Each structure stands twice: as C-alpha cells, then as structure tokens.
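Since the model is a prediction, treat every value here as computed from it, not as a measurement. Heavy atoms only: backbone and side chains are in, while hydrogens, waters and symmetry mates are out.
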Amino acid sequence: MALIFVYGTLKKGRGANRIFKSSKFIGEGVTIKDNFRMHSGGFPMVTADGHFHVSGELYEVTDPEVLKNLDYYEGSPHLFNRTTVDVRVGSDDFVGAEMYIFQRSTHGYEEVVPNDSNCLVW
C-alpha cells in the first residue's frame, strides 16, 4: 500500500485521474513542509527548492499496477521522482505520502505564484 499525493493532471476532474481507478481518495490536502516551488508548462512541475506548501489530493493505492502506471505517466525516475513528503488532510497528518518531484531544469517555465496561504495551487 502506498499513499500518493498529487497536485496537477492526476487530480479529480483531470484526464489522468483515471489511473487511480482502483484507489481510495483520502481527501484534499497540503504539504506540511513549505520547501517547494512550482512551475507550469502545460503541466505543473514541483521542485523541492522553494518556500511554499503544495495543495493537492491524497490517494491510497493498493494495486501495484496503479503504481507502475503512475511512474510511467510521470516519467519516473528520469523526469519526475517519487519522493516522500508529509501531508495534512483536514486535521489528520499523513507521514510518508509520496509526491512526484520534477528532476530537470525549470528554466524557461512560468513560476506559479502562491496564494494568500503561502500555498501553490494548480
């Protein structure tokens, strides 16, 4: 079982969310640490070199095929790398959720501006 935190094209209402077909939606949440930046180039790219929280959704994945499909979709480990983060959903803390972190240069991509809560939303 894995907890997967997503912030972009894998969220509900987005085309790639279908990958989570057999997974349980836990809820909307935010990263506990504020060490992220986000860029956009048709899809969001989060890097771990900033000063902001990331808003997203948390899923419980029990099917290894879903994890395989997620890694393929995200180009892991070359484009994005699945990295452990701590996430808050409501009043609950989920330690050890995994989020895809961008592994390449974000030069030339538009930086996403945080909202009033110091949170990056895409």
Side-chain angles (χ1 to χ4, degrees):
M1 192 268 302
L3 292 171
I4 304 293
F5 183 70
V6 298
Y7 51 83
T9 59
L10 288 164
K11 289 171 35 177
K12 282 185 175 190
R14 308 281 170 104
N17 184 263
R18 68 185 179 283
I19 296 172
F20 285 111
K21 62 182 184 243
S22 61
S23 303
K24 179 182 175 185
F25 174 72
I26 303 293
E28 295 180 2
V30 65
T31 57
I32 293 172
K33 290 186 178 182
D34 63 351
N35 62 316
F36 301 102
R37 283 188 320 143
M38 182 185 289
H39 288 81
S40 181
F43 58 91
M45 299 160 266
V46 166
T47 56
D49 61 350
H51 305 288
F52 310 110
H53 300 278
V54 176
S55 174
E57 299 174 348
L58 186 65
Y59 290 84
E60 181 181 286
V61 177
T62 56
D63 183 349
E65 192 67 23
V66 170
L67 283 177
K68 179 181 170 187
N69 290 337
L70 286 168
D71 284 347
Y72 178 79
Y73 178 78
E74 294 289 3
S76 179
H78 305 291
L79 188 58
F80 286 85
N81 192 28
R82 205 167 3 123
T83 304
T84 303
V85 298
D86 298 334
V87 176
R88 179 167 291 120
V89 176
S91 61
D92 296 326
D93 289 347
F94 291 85
V95 178
E98 295 177 287
M99 179 172 81
Y100 288 93
I101 302 291
F102 194 63
Q103 298 300 303
R104 300 213 175 144
S105 170
T106 55
H107 180 74
Y109 292 108
E110 180 181 341
E111 190 161 353
V112 175
V113 177
N115 64 18
D116 291 341
S117 300
N118 200 42
C119 195
L120 299 163
V121 180
W122 192 87

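- A single hydrophobic cluster is not seen to contain both Tyr7 and Val121; linkage of ILVMFWY side chains at heavy-atom distances under 4.5 Å, directly or through other members, places them apart.
- Remark: Met38 CE to Phe102 CZ distance equals 12.5 Å, nearest 0.5 Å.
- Shown here for Ala97 and Phe5, the closest heavy-atom pair between the two residues is CB-CB, 4.5 Å.
- Put simply, the side chain of Tyr100 never gets that close to the backbone of Ile4: no donor and acceptor are under 3.5 Å apart.
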Donor-acceptor list for residues 17-25 side chains, cut-off 3.5 Å, not counting sequence neighbours:
from, atom 1, to, atom 2, distance (Å)
Asn17, ND2, Leu10, O, 2.8
Asn17, ND2, Tyr59, OH, 2.9
Arg18, NH1, Gly15, O, 2.3

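- Atom CD1 of Ile26 sits about 5.0 Å away from atom CD of Glu60, to the nearest 0.5 Å.
- The local environment of CD in Glu111 is crowded, with over 12 non-hydrogen atoms from other residues, nucleotides or ligands closer than 6.0 Å.
- Between Lys12 and Glu57 the shortest heavy-atom distance is N-OE1, 2.9 Å.
- For Phe36, there are no ring pair (Phe, Tyr, Trp, His ring centres under 6.0 Å) partners, not counting sequence neighbours.
- Between atom CD1 of residue Ile32 and atom CZ of residue Phe94 there is a gap of 10.0 Å, rounded to the nearest 0.5 Å.
- By the 4.5 Å heavy-atom criterion applied to side chains, Leu3 and Leu58 are counted as neighbours.
- Between the CE atom in Met99 and the CG atom in Asp86 there is a gap of 10.5 Å [rounded to 0.5 Å].
- Counting only distance, with no hydrogens or angles, the side chain of Thr106 and the backbone of His39 share no donor-acceptor pair below 3.5 Å.
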Checklist entry - Passes side chain to side chain contact (heavy atoms under 4.5 Å, CB included), Phe52 versus Asp34? Steps please. => result CA-CA 4 Å; Phe52 310 110; Asp34 63 351; 5.6 Å; no
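- The two residues Arg82 and Leu67 make their nearest non-hydrogen contact at NH1-CD2, 3.9 Å.
- Remark: Asp49 engages Arg37 in a salt bridge (Lys or Arg N to Asp or Glu O under 4.0 Å) (not counting sequence neighbours).
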Next on the checklist: With side chain to side chain contact (heavy atoms under 4.5 Å, CB included) as the criterion, how do Thr9 and Tyr73 come out once you've worked through the C-alpha distance, each side chain's angles and the decisive distance to 0.1 Å?
Outcome noted: CA-CA 10 Å; Thr9 59; Tyr73 178 78; 2.8 Å; yes
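- Between the side chain of Asn118 and the main chain of His51, a donor-acceptor pair closer than 3.5 Å is present.
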Checklist entry - Can Phe43 and Met45 be said to form a side chain to side chain contact (heavy atoms under 4.5 Å, CB included), step by step? => result CA-CA 7 Å; Phe43 58 91; Met45 299 160 266; 3.6 Å; yes
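- Counting all heavy atoms, side chain and backbone alike, Lys33 lies closest to His53 at O-ND1, 3.2 Å.
- Follow the hydrophobic side-chain contacts under 4.5 Å out from Val61 and you reach Met1 in the same cluster.
- Taken from CZ in Arg104 to OG1 in Thr47, the straight-line distance is 14.5 Å, to the nearest 0.5 Å.
- Counting only distance, with no hydrogens or angles, the side chain of Ser117 and the backbone of Cys119 share no donor-acceptor pair below 3.5 Å.
- For Ile101 against Ala48, the heavy-atom pair with the smallest separation is CG2-N, 4.1 Å.
- With hydrophobic clusters built from ILVMFWY side chains whose heavy atoms lie under 4.5 angstrom apart, Val95 does not share a cluster with Val85.
- Here the shortest heavy-atom pairing between Asn81 and Ser76 reads CA-OG, 4.1 Å.
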